[in-house]
Structure formats: structure tokens, C-alpha cells
Amino acid sequence: MKKGLVLILFFYILALIQTSFLVHFNIEEQVPNLILIALVLLTFFEKPEEKLSFFGAGIGGFFLDIFSNVFLGTSIIALLLMTFLFKKLLEIIKGLNILWFLIFIFLSLVFYNLFSNLVSFFISQDITAIQISLGKVFIIKSTYNLILGLIAFYIISLLKKYVFARQGF
Amino acid sequence: MKFSPQKRKIFIIAIGVLIIISLLFTQQKIKNFFYFVSSPIQKSLWQLGKKISTPIELAFEMKELKKRAEELSLSNQNLLSEIAQLQALKTENKSLRKALELDLKKDFQLALAEVIGKNILKDTLVINKGLLNGVLEGMPVINEGKVLIGKIADVSENFSNVILISNRESSFDVKIQSIEVNGLIKGKGDFQLFLDLIPENQEIQEGDLIITTALGGIFPKGILVGKIQKILRSDIKPFQQAEVSPLFDITKLEIVLIITNYK
């Protein structure tokens with residue numbers, strides 16, 4: 001219950017930062033998706049039997065939908081599906097490390113964009129809406145997210161080692 | 001009452017689906033509530049971001065600024081001679097405008113709105129005007145320079161969502177100003193625009209300005225949309241295409257104008 005409330009507040013703050021603060025730190029009009037990074041971190045660091053990441057996916061998706069024009073539920077479904085896939089992948093993968101984390105961040109970006117584009121396609125019936133541009137913009141977006149993800153990974157690793165372990169997280 | 005794990009999973013999924021369905025019917029009210037609660041925090045975060053980013057931007061752009069200053073001083077000389085010519089044209093234009101009563105205010109009824117949130121990832125804005133201020137879905141949104149920003153997508157009581165022209169769901173008819181040729185602008189997401197359906201035999205150039213047409217009835221005619229950045233020609237396609245850059249800077253957008261009515 002306590003963890004859930006903390007998570008709701010945390011994702012709400014991330015959504016506000018993403019839509020109001022980070023706008024000023026865009027690179028070629030690209031800002032990192034903090035909620036996506038936080039969710040991948042949560043999925044990656046929680047114990048395999050824990051299910052908090054699914055709750056996080058629902059809440060994160062909810063706030064992503066609130067602060068955009070998409071139908072409420074679009075990002076919720078996208079993030080829930082993504083978390084489910086990642087959980088399955090995490091069961092298979094042996095020897096998780098930072099490289100796997102970065103791969104997960106990259107996959108989450110591709111998955112989320114593809115899912116959003118699919119929804120756009122169903123709304124607009126325009127086949128070009130499905131395309132994901134793998135050009136300069138995508139490279140900038142991915143790099144920005146990966147760098148922030150990398151920093152967050154090390155911060156959480158340190159916190160887990162020294163703070164969370166003592167508090168039983 | 002105890003459920004088996006299988007039944008519990010089905011129960012949770014069913015509850016989830018029910019929640020999502022009920023959200024669809026009440027989404028405007030939910031969004032309005034969150035915008036209402038969040039707007040003071042968003043404003044503070046916005047100001048803070050602006051305060052921190054300005055000196056950082058300046059440091060990064062110093063070299064670029066020096067280069068631009070040199071370029072500008074060169075173009076300044078050219079502009080000075082053009083100003084003299086334009087002064088004469090201005091006087092002529094003024095008298096023509098007066099004669100034709102073509103005042104901007106007479107073309108549009110405008111409502112001023114403040115930007116309270118920007119979702120660059122989704123090419124949308126949130127503004128502080130809604131149904132109670134007479135804002136309706138589909139109304140065009142421009143800036144003070146008569147540059148098209150987007151249109152109202154969904155409206156709650158006190159707030160509205162604006163989908164930018166670069167949003168993937170946006171497409172509308174336009175005209176290349178210099179050659180008076182029609183085409184179609186599509187949003188490509190990530191703040192990018194794509195110009196399509198320009199006949200092969202038409203000579204388009206990088207830097208050409210794109211304006212709206214009255215075709216399709218989405219936007220009033222003559223509003224600036226963007227500038228051609230890169231022309232994409234193909235031997236196998238019957239039409240020319242081009243990458244177009246919008247003419248507004250999303251990071252500097254704080255006040256927008258909603259066209260509530262136009263002739």
C-alpha cells in the first residue's frame with residue numbers, strides 16, 4: 001500500500017517534470033521519457049516474483065495519457081504489455097547487467113513508439129502513421145534516453161546497495 | 001471466498017478492462033481535474049526550467065551566436081536597402097488595406113490562452129482555456145505572428161489540448177506561397193512536417209514558405225505553416241515531397257491565440 005502511494009506520487013512528479021521542466025532542455029525538440037525510464041528501472045530491479053512494475057505501468061501510462069491528447073488507456077495498455085514482455089524476458093535472461101538494461105530502454109522506446117503509431121493508424125487510417133523513422137531524430141531521442149537511463153541505473157544501484165537494503169526494499 | 005490463481009488473474013484483468021472503459025467515458029472530467037490541480041506546479045516548474053536553461057543555452061550557443069552575428073551584420077546591409085523599398089510599399093499597402101478593410105481583427109475573432117504544459121513526445125500542448133471560455137474542438141491555434149501552431153483536439157471545462165501541426169494525427173491542405181501550388185501537409189511526430197502531393201512539373205525550392213488554404217475547411221486561408229527544408233524527389237513517384245520545418249519555437253511558446261471564428 002505504502003509502496004503504491006509512493007509510486008503514484010513519483011510518477012505524477014515525473015510527468016510534471018517531463019511536460020513542464022524538461023521542455024527547456026530539449027535537444028532538437030526531443031526530451032527524454034522519464035516515465036518509461038522509471039518503469040524499465042522498476043521492472044529491472046524488482047524481484048522476479050514481485051508485481052509492483054505492473055502497478056507502475058498502469059500509473060505511468062495513466063499520467064502519460066493525462067498530459068497528452070490520446071485516449072485514456074492507450075499508454076496504460078502499451079506500458080502494461082511492455083512490462084509483461086519484459087518480465088518474461090527477465091525470466092529467460094541470465095546474468096543481467098547494465099548492457100541488458102540499456103537494451104531494455106531501447107526496446108521500450110521502440111515498443112512505445114510503435115504502439116502509439118499503431119493507435120494513430122487506427123484513428124487516422126493513414127498507413128504512413130505506422131512507420132518509425134530511424135533517422136537523426138530517433139538517434140537523438142534514443143541517445144538522450146539512454147544517457148539519462150544510464151545515470152538513473154547507477155543512482156538506483158547505489159541506493160539499492162546502501163539505502164534500500166537497510167530499509168528492506 | 002477464495003479464488004484460484006487462474007480465476008484471480010481473470011478477475012484482475014476484468015477489473016482493469018472495466019476501469020479503462022469507464023475512463024474513456026469520463027476522461028475529459030479526469031483530465032480537467034488533473035490540469036486544474038497541476039497547473040500551479042507546472043507553472044513553477046516551467047519558470048524554474050526557463051531560469052536554469054537560459055544560461056546553459058547561452059554558453060552552448062556562444063560560438064554559434066558569434067557566427068550568426070557576423071552573418072547578420074552582412075545581411076543587415078542588404079536589408080537596409082530593402083527597407084527603403086519596403087517603406088514605399090508599406091505606404092502603398094496601408095492605403096490598400098484601409099481601402100479593402102482587410103484588418104486582421106476583422107478576419108478573425110481571437111481568444112488569448114496561456115500554455116501550461118507541453119508534451120513534446122506527443123506533439124501536444126495544454127492551454128488554460130476550455131469550454132467555459134467558448135473554446136471548441138477543431139478551432140485553429142496560432143501565435144501572435146500569425147503562424148499556425150495546431151488545432152484544439154479535446155476540450156474540458158477549463159483547459160484544452162492542442163495537437164500541434166507536427167502531430168501524427170494532423171494533415172491538411174496547404175499552398176506554396178511563391179508558386180501558388182497546392183499540396184498536403186502531414187505531421188510526422190517529433191516536431192517534423194512532411195509536404196506531399198506536389199506535382200512533379202512544379203519547381204519548388206528550399207526556403208519556400210507554406211501557407212494554409214481554405215480547402216478542407218480545417219483552417220482559414222493564408223496562415224503561415226512552415227518553410228521547406230529539404231526537397232525529396234523520386235523518379236518512381238508522381239509527386240514531389242519535402243521536409244518542412246514549423247515556423248514557431250515550441251520552447252518559447254507561452255501565449256497562443258485561438259481563432260474562435262473567421263470569415
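Per chain, numbering begins at 1; letters A, B, ... match sequence-line order. Model, not experiment: these values are computed from the prediction.
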Give me the atom names and distance for the closest heavy-atom approach of [X] to [Y].
X	Y	answer
B:K50	A:H24	N-CD2, 3.6 Å
A:S68	B:K31	O-NZ, 2.9 Å
A:L16	B:I41	CD1-CG2, 3.8 Å

Seminar exercise, completed: Whatever's closer than 4.5 Å to a heavy atom in chain B on A:F54 counts as neither

For this session: Could you look at A:N33 and say if it's the side chain, the backbone, both or neither that has a heavy atom under 4.5 Å from chain B?
Result: both

Less than 4.5 Å to any heavy atom of chain A: does that hold for the side chain of [X], its backbone, both, or neither?
X	value
B:D154	side chain
B:Y35	side chain
B:N167	side chain
B:I116	backbone

Exercise. What option among B:T124, B:I30, B:L45 has the most heavy-atom pairs under 4.5 Å with chain A?
Worked result: B:L45

Exercise. Does any non-hydrogen side-chain atom of A:F25 lie less than 4.5 Å from one of B:I52?
Worked result: yes

Exercise. Do B:W46 and A:V23 have side-chain heavy atoms sitting under 4.5 Å apart?
Worked result: yes

Exercise. Side chain of B:K43, backbone of A:S20: donor and acceptor closer than 3.5 Å?
Worked result: no

Exercise. Should we count CZ of A:F10 as having more than 12 external heavy atoms under 6.0 Å?
Worked result: no

For this session: For chain B, find its close neighbours in residues 57-67 of chain A: heavy-atom separation under 4.5 Å, sorted by number, or none.
Result: A:F62, A:F63, A:L64, A:D65, A:I66, A:F67

